[in-house]
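One structure is given here, and the rest of the page talks about it.
Both counts, for ligands and for their atoms, begin at 1 and track the order of listing. Residue indices begin at 1 and follow the sequence shown.
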Amino acid sequence: SAPVTVPALFEARAAGRRLAMLTAYDAGFARTFDAAGVDLLLVGDSLGMVVQGHGSTLPVTVDDIAYHTACVARAVQRALVVADLPFQADATPERALDASTRLLQAGAGMVKLEGATPNKCEVVRFLVEREIPVCAHLGLTPQSVLRFGGFKIQGRGDAAAQALRDDARAIAEAGATLIVLEGVPAALAADITAASPVPTIGIGAGPDCDGQVLVLHDMLGLDSGHRSPKFVRDFLVDGGSVAGAARAYVAAVRDGSFPGPEHSYR
Ligand code: KIV
Ligand code: NA
């Protein structure tokens, strides 16, 4: 079927068709997930943890993401490839432009960056004006691990919830095309999605986002040396194979059966 494009994301949302996204870091998984109908493949800086074995995403470099993006992009026919801007690659507009150009030239169709401070909004505006589609990532942003003091659910309490709503509005106004919401209460993610002019993709953000994303290791029940968050589900159990697991994941996202209440935060 036709390649997934930026306009196709908005068409899916308008049609009420949920978007299924998984991480991928190499050609084998990318080919399998693409064939299973996964709409978006994320070359996430989670690779620092699940591929490189670090305790956080902070050691990941632009070279790392560019290498894995090229590996993934070569294998994909349909899915939209999104590549993470790693820690500090989005610190200034110029740095972000250089890094994003490399990632698009490696085969990505969109870059992703964390946060919605005035600085990040300026970076998003700068990239979008230069024809680089940007996905924002809000909530439990792993590059904020030192400030958060760990990987902790965000947006709990009225003030924090309002701050996250304001962030989502600001980053969409800056030009973000897609918003990943990670580790936030389900009701807040539902609110933000209802108010958002752009599609949202949840991870640990309840069932009411426009799509879902998981790290492939979590989707397959593979022990990556980190405590599994409660929002993960092992699709290999029912899927029977990696390809079957990916198809089961896509089906469960599309029909709304994943995530269930047991995978969501209140
Ligand atoms: O790096 C990553 O895998 C991510 C997802 C968890 C959204 O950013
Ligand atoms: Na990431």
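Considering every non-hydrogen atom in both H217 and Y25, the closest pair reads CE1-CE1, 3.9 Å. Closest of all the heavy-atom pairs between G37 and R254 is O-NH2, 3.3 Å.
The nearest protein atom to atom 5 (C) of ligand 1, hydrogens excluded, is given as L42 CD2, 3.5 Å; this is a heavy-atom distance. Remark: minimum distance from atom 6 (C) of ligand 1 to any protein heavy atom is reached at I203 CD1, 3.7 Å. Given atom 8 (O) of ligand 1, the protein heavy atom at minimum distance is K112 NZ, 2.8 Å. Summary of contacts: the protein heavy atom closest to atom 1 (O) of ligand 1 is S46 N, 3.0 Å.
For ligand 1, the polar-atom distance check against Y25 finds no nitrogen or oxygen pair separated by under 3.5 Å. Annotation: D45 places an N or O atom under 3.5 Å from an N or O atom of ligand 1; distance criterion only.
Counting heavy-atom neighbours within 6.0 Å of Q77 CD, excluding the residue itself, gives a total of 12 or less.
Among the atoms of E114, none of the N, O or S atoms falls under 3.0 Å from the Na ion (ligand 2).
When heavy-atom distances to ligand 1 are checked against a 4.0 Å cut-off, T57 has no atom that comes that close, whether in backbone or side chain.
Under the 4.5 Å side-chain criterion, counting only non-hydrogen atoms from C-beta, M21 is in contact with V82.
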